[in-house]
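The analysis underlying the following values was restricted to heavy atoms, covering all of them including side chains, and did not include hydrogens, waters or symmetry mates. Please read these numbers as outputs of a predicted model, since none were measured by experiment.
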Amino acid sequence: MNKLKDKVAIVTGASKGIGAGIARQLAADGAKVVVNYASSKAGADEVVASIEAAGGTAVAVGADVTIKEEVEALVGAAIDRFGRLDIVVNNSGIYQFARIEETTEERYRKQFDINVLGPLLVVGAAAPYLGAGASIINISSNVTHVHPAESAIYTGTKGAIDAITGVLARELGPRGIRVNAVSPGLIETEGTHTAGAMGSDFQTWNEAQTPLGRVGQVQDIAPIVSYLASSDAGWVTGEIILGSGGMR
Ligand code: NAP
């Protein structure tokens, strides 16, 4: 498939999980992909190797999305290596569920820094290089619809992302740049395994609430992102698309 031929993409947090799947999908659809990581260089290198083995083009670039200089270097690396930038996927994110009594400044700042400040810095650094036909996709979550207990900070970060998606669609629309969000339900990833969500009561509850009767896989999300990145979605902006098997 070549629907993203000649496009260049940055996917943040692509060393594992949903981001790795998105990077592989965009590359399979023809884009040259910058595979960003924060700490997992080996994971990012593995994603790049799998893309190259499939005939695609990718490069791994380390950057912490909460640090402006590193984000500017990430965007600079895309331009230096591939000469342009068309697709930005703000995927990097963390989730730390906790009872409201357990709220700390540290939990608040870490989640808001990575999940909200990160995408703002990334779009801010990328915007000067984006032209008509470019596409920004923010990975939100269906928690903004479902409101799970003990997720006030995390759900707050994704509510902010939903609102920011609308603002940026309006702000960048006049330049022909589209901005959308994809909101997964519970997806099996390294992160959800580490968080203890897989195999837990939370997984059982999710399956029971999901019309399609299972939790999602990375491959349930990646094609939605590729669609939004492509000209097939040329008249779609400011939308928040649920990829949750119908759980809302
Ligand atoms: P994951 O498996 O834990 O992977 C998280 C990725 O984010 C890793 O590549 C990690 O990089 C990167 N990251 C973390 N902090 C970063 C930073 N400061 N700068 C740059 N990258 C950073 O997570 P996931 O489950 O795939 O989730 C990915 C996104 O989907 C998140 O935004 C999450 O909120 C959202 N989401 C997930 C689910 C789900 O059920 N999995 C559902 C709805 C929404 P390193 O490993 O290199 O540090």
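Under a 3.5 Å cut-off, the side chain of Q209 and the backbone N or O of M247 do not form any donor-acceptor pair. A donor-acceptor pair under 3.5 Å is absent between the side-chain atoms of R178 and the main chain of S135, judged by distance alone. In this structure a side-chain-to-backbone donor-acceptor pair under 3.5 Å is missing from Q203 to M198. Judged by distance alone, the side chain of S151 and the main-chain N or O of Y154 form no donor-acceptor pair under 3.5 Å. Between the side chain of D162 and the main chain of T144, no donor-acceptor pair closer than 3.5 Å is present. N91 contributes a side-chain N or O that, together with a main-chain N or O of G13, makes up a donor-acceptor pair within less than 3.5 Å. Between the side chain of R24 and the backbone N or O of A222 there is no donor-acceptor pair closer than 3.5 Å. Distance alone, capped at 3.5 Å, places no donor-acceptor pair between the S226 side chain and the P223 backbone. Using a distance-only test at 3.5 Å, with no hydrogens or angles considered, a donor-acceptor pair links the side chain of R175 to the main chain of A127. For the pair N36 (side chain) and V61 (backbone), a donor-acceptor distance under 3.5 Å is present.
For the atom pair CD1 of I240 and CG of N142, the computed distance is 12.5 Å after rounding to the nearest 0.5 Å. Between L4 atom CG and I87 atom CD1 the span is 4.5 Å, to the nearest 0.5 Å. The line from CD of Q111 to NZ of K158 is 10.0 Å long, rounded to the nearest 0.5 Å. Taken from OG1 in T210 to CZ in R248, the straight-line distance is 12.5 Å, to the nearest 0.5 Å. Here the NZ-OG distance, from K5 to S230, works out to 15.5 Å after rounding to the nearest 0.5 Å. Remark: H147 NE2 to T155 OG1 distance equals 7.0 Å, nearest 0.5 Å.
For the pair F82/T57, a side-chain contact is recorded, criterion being any heavy-atom separation below 4.5 Å from C-beta on. By the 4.5 Å heavy-atom criterion applied to side chains, V215 and T192 are not counted as neighbours. The shortest distance between side-chain heavy atoms of S183 and H145 does not fall below 4.5 Å. Residues R214 and D220 meet the side-chain proximity criterion, which asks for heavy atoms closer than 4.5 Å.
Hydrophobic clustering, with ILVMFWY side chains joined whenever heavy atoms are under 4.5 angstrom apart, keeps I161 apart from F112. Hydrophobic clustering (ILVMFWY, side-chain heavy atoms < 4.5 Å, transitive): L242 and L212 are in distinct clusters. There is no path of hydrophobic side-chain contacts, each under 4.5 Å, that joins V65 to V225. Both V116 and I153 are assigned to one and the same hydrophobic cluster, defined by single-linkage of ILVMFWY side chains at heavy-atom distances under 4.5 Å. Residue L74 is grouped with residue L120 when hydrophobic side chains (ILVMFWY) are merged at heavy-atom distances under 4.5 angstrom, including chains of intermediate members.
Minimum heavy-atom separation, G245 to P211: O-CD, 3.3 Å. Across every non-hydrogen atom of T237 and I177, the tightest pair is OG1-O, 4.4 Å. Nearest heavy atoms, I187 versus V218: CG2-N, 3.6 Å. L85 and L130 get closest at one heavy-atom pair: O-CD2, 3.4 Å. Taking both residues in full, the closest heavy atoms of N2 and G30 are given as OD1-CA, 4.2 Å, listed atom of the first, atom of the second, then distance. In terms of heavy-atom proximity, T12 sits nearest to S92 at OG1-N, 3.0 Å.
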Test V182 against I137 for side-chain contact (heavy atoms from CB on, under 4.5 Å), laying out the working first. CA-CA 7 Å; V182 176; I137 298 114; 3.9 Å; yes
What do the steps show when you test L168 against I136 for side-chain contact (heavy atoms from CB on, under 4.5 Å), and what is the final call? CA-CA 9 Å; L168 294 180; I136 296 167; 5.7 Å; no
Stepwise side-chain contact (heavy atoms from CB on, under 4.5 Å) test for V8 and Y129: CA-CA 11 Å; V8 174; Y129 299 98; over 6 Å; no
Which is it for E150 and E102 under the side-chain contact (heavy atoms from CB on, under 4.5 Å) test, yes or no, and what are the steps along the way? CA-CA 9 Å; E150 304 181 4; E102 294 164 346; over 6 Å; no
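Ring orientation note: the planes of F202 and F97 are nearly perpendicular, at an angle over 60° on the 30°/60° scale.
In this structure, a donor-acceptor pair under 3.5 Å is present between the side chains of N115 and T157. A donor atom on one side chain and an acceptor atom on the other are not found under 3.5 Å apart for N138 and S140.
In summary, E72 and K68 engage in a salt bridge, as defined by a charged side-chain N under 4.0 Å from a carboxylate O.
Each ring pair (Phe, Tyr, Trp, His ring centres under 6.0 Å) pair with one or both residues in residues 28-60, not counting sequence neighbours, would appear here, but there are none.
For Y108, the OH atom sits in a loose shell: 12 or fewer heavy atoms of surrounding residues, nucleotides or ligands are nearer than 6.0 Å. Environment of CD in E46: sparse, with no more than 12 heavy atoms of neighbouring residues, nucleotides or ligands closer than 6.0 Å.
Checked against salt bridge (charged side-chain N to carboxylate O under 4.0 Å, His left out), R84 has the following partners two or more places apart in sequence or in another chain: D86.
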